[in-house]
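Beneath this line is the structure, given in structure tokens, with notes to follow.
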2 protein chains.
Amino acid sequence: MKYNKDTSEKILTAAITVFEEKGFSGTRMQEIADKANINKALLHYYYKSKDKLFEIILIRAIQLLMPKLAMVFNSEDNFFKKIENFVSVYIDILSEHPHIPAFVSHEINTNPKRLLKFIENSGVNITPFIQTIKQEIEKKTIIDIEPEQLIVNTISLCIFPFIAKPIITNIILKDNKKKYTEFIESRKKEVSRFIINAIKN
Amino acid sequence: MKYNKDTSEKILTAAITVFEEKGFSGTRMQEIADKANINKALLHYYYKSKDKLFEIILIRAIQLLMPKLAMVFNSEDNFFKKIENFVSVYIDILSEHPHIPAFVSHEINTNPKRLLKFIENSGVNITPFIQTIKQEIEKKTIIDIEPEQLIVNTISLCIFPFIAKPIITNIILKDNKKKYTEFIESRKKEVSRFIINAIKN
DNA sequence: GTTAAATTTAACCAAACGGTTAAATATGTT
DNA sequence: AACATATTTAACCGTTTGGTTAAATTTAAC
């Protein structure tokens, strides 16, 4: 029993596309097979079940995200530089993999326990983030803010604009010449500026 | 052909709960009927189809949100007060109707055109917001920021924490004694403070 | 008690779906 | 050409699902 790596990846790519649009339950395996230009039997040869396929994509998404984010925050940079890098990395990863927010938000509603398990299995540990923020508060670099609120704010500012792409494109940028991709690209600087302005002492 | 208002609302409430958890395609009509303690035939007597039911819920969600938000921004308050009220109203509505983010994010992925149509039909018009922000920039009340970025930031900070509830509860607040509801309640002041600090001149 | 109307029952239907199977075919390697 | 392997075909399966229907039952109002 052998596998062709190209075929394996082609199926994954197709699955990402269809799952992103239709959600898990709304996606048929035949659709994925069509998208990947294979037959359904081969799909089942390569991936045991629909559930398994979805899970593999989800785990990959999480493992794309978490280590890089931790790495940024463990660097020797000063705090504001860390925020800039965190935001930049986060937006870059999401720009390159815009399916991640859709998968995560679907999973949050339908299968929160599974999602939390995968996130925990990814090794994410926010305690160092919290400690760092507390230190900066003590040093008076930043204002007194609950660390968890700052973390939630930062993540919200990075991720939600990807979720809201159609709304941003068609409503918020309706009379603006700027395209969505430019808008997101400029957020790398804009979001970190916003956050730093909000918290600096 | 008559309807009982109580039964009608009972079905809607049940549908909101099941759709929120399972998503549109993952929800069976029999599940909604079970949740509402009725039989499936009555469900179809009251609501023509699964699609129709979902649509009614979605339209209601949007019509809950949009007029109140516009009203806040049309008030005679000063700009920072408007932001405070906007954030407060937004978070209150979402706290009272926590299903809205799940419905909206599902619809963004699976049916963006329909969602945009409903949002537009709600009468939302962000041009006054944009004009107001531009005026405040000219008056030097706030820093030079692209109005659309400020709008996206504000909405992100208000809505994403509702989407991310399980992550906030189980990961971010894991070692924090504060409960999710307290955390969200304190965001009313925290988010507006954050925004105002970020943009004030 | 009578009537009207809301609700339930019980059965049905066609279509769809994830998954399976064995044989046939195509592809790649030697 | 022979062989191994990846892929396809074509059919199948049991289950589930949204939606339907007519008759029976229950409930509410008078």
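Labels below follow one simple rule: chain letters A, B, ... track the order of the sequence lines, proteins then strands, and each chain is numbered from 1.
At a cut-off of 3.5 Å, with distance as the only test, no side-chain donor of Asn153(B) or Gln149(B) sits close to an acceptor on the other residue.
With rounding to whole Å, Asp34(B) atom CG is found 11 Å from dT17(D) atom P. To the nearest angstrom, P of dG19(D) lies 15 Å from CG of Leu42(B). Straight-line distance from the OH atom of Tyr46(B) to the P atom of dG19(D): 18 Å, rounded to whole Å. Rounded to whole Å, atom P of dG19(D) lies 5 Å from atom NE2 of His44(B). Going from atom CG of Asn37(A) over to atom C1' of dT8(D) covers 13 Å, rounded to whole Å. The nearest whole Å value for the distance from the CG atom in Leu43(B) to the P atom in dG18(D) is 9 Å. In this structure, the OH atom of Tyr47(A) is 17 Å from the P atom of dG18(C), given to the nearest Å. Rounded to whole Å, atom C1' of dT20(D) lies 14 Å from atom NZ of Lys48(B).
Exactly one residue among Leu150(B), Val124(B), Ile151(B) makes a side-chain contact (heavy atoms from CB on, under 4.5 Å) with Phe129(B). That residue is Ile151(B).
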Any N/O pairs under 3.5 Å between the protein and nucleotides 28-30 of chain D? List them or say none.
none

Could you list, one pair per line, each protein nitrogen or oxygen that sits under 3.5 Å from a nitrogen or oxygen of nucleotides 22-28 of chain C, together with the distance?
none

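Across all their heavy atoms, Met66(A) and Ser122(A) have their closest contact at CG-OG, 3.3 Å. The minimum heavy-atom distance linking Leu94(B) with Cys158(B) is given by the pair CD1-O, 3.9 Å.
Ser75(B) pairs by the side chain to side chain donor-acceptor pair (under 3.5 Å) definition with Asp77(B), not counting sequence neighbours. By the side chain to side chain donor-acceptor pair (under 3.5 Å) test, Thr132(B) pairs with no residue at all, sequence neighbours left out. For Gln63(B), there are no side chain to side chain donor-acceptor pair (under 3.5 Å) partners two or more places apart in sequence or in a different chain. When the side chain to side chain contact (heavy atoms under 4.5 Å, CB included) test is applied to Ser25(A), the partners found at least two apart in sequence or on another chain are Ser25(B). In this structure, the side chain to side chain donor-acceptor pair (under 3.5 Å) partners of Lys188(A), at least two apart in sequence or on a different chain, are Asp92(A), Glu185(A).
Residue Lys178(B) places its NZ atom among more than 12 non-hydrogen atoms of other residues, nucleotides or ligands, all under 6.0 Å distant.
Within the structure, the salt bridge (Lys or Arg N to Asp or Glu O under 4.0 Å) test picks out the following pairs touching residues 118-138 of chain A (sequence neighbours left out): Glu136(A)-Lys139(A).
Using a 4.0 Å cut-off on heavy atoms, the residues of residues 11-33 of chain A that approach DNA chain C are Thr27(A), Arg28(A), Met29(A), listed by number. Remark: Ser49(B), Lys50(B) in residues 49-56 of chain B come within less than 4.0 Å of DNA chain D through at least one heavy atom.
Across all strands shown, Asn4(B) has heavy atoms under 4.0 Å from sugar-phosphate atoms exclusively, and none from any base.
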Pairs of donor and acceptor atoms involving the side chains of residues 161-173 of chain A, under 3.5 Å and at least two apart or interchain, shall be tabulated with distances.
unit_1, atom_1, unit_2, atom_2, d
Thr169(A), OG1, Lys165(A), O, 2.8
Asn170(A), ND2, Pro166(A), O, 2.9

Show me the donor-acceptor pairs within less than 3.5 Å that the side chains of residues 50-59 of chain A make with the rest of the protein, sequence neighbours left out.
unit_1, atom_1, unit_2, atom_2, d
Lys50(A), NZ, Phe24(A), O, 3.0
Lys50(A), NZ, Thr27(A), O, 2.6
Asp51(A), OD2, Arg114(A), NH1, 3.4
Glu55(A), OE1, Arg114(A), NH1, 3.3

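Across every strand in view, dC30(D) sits in a pair with dG1(C) that passes the Watson-Crick or G-U test at under 3.5 angstrom.
Using cut-offs of 30° and 60° for the angle between ring planes, the Phe103(B) and His99(B) rings count as perpendicular.
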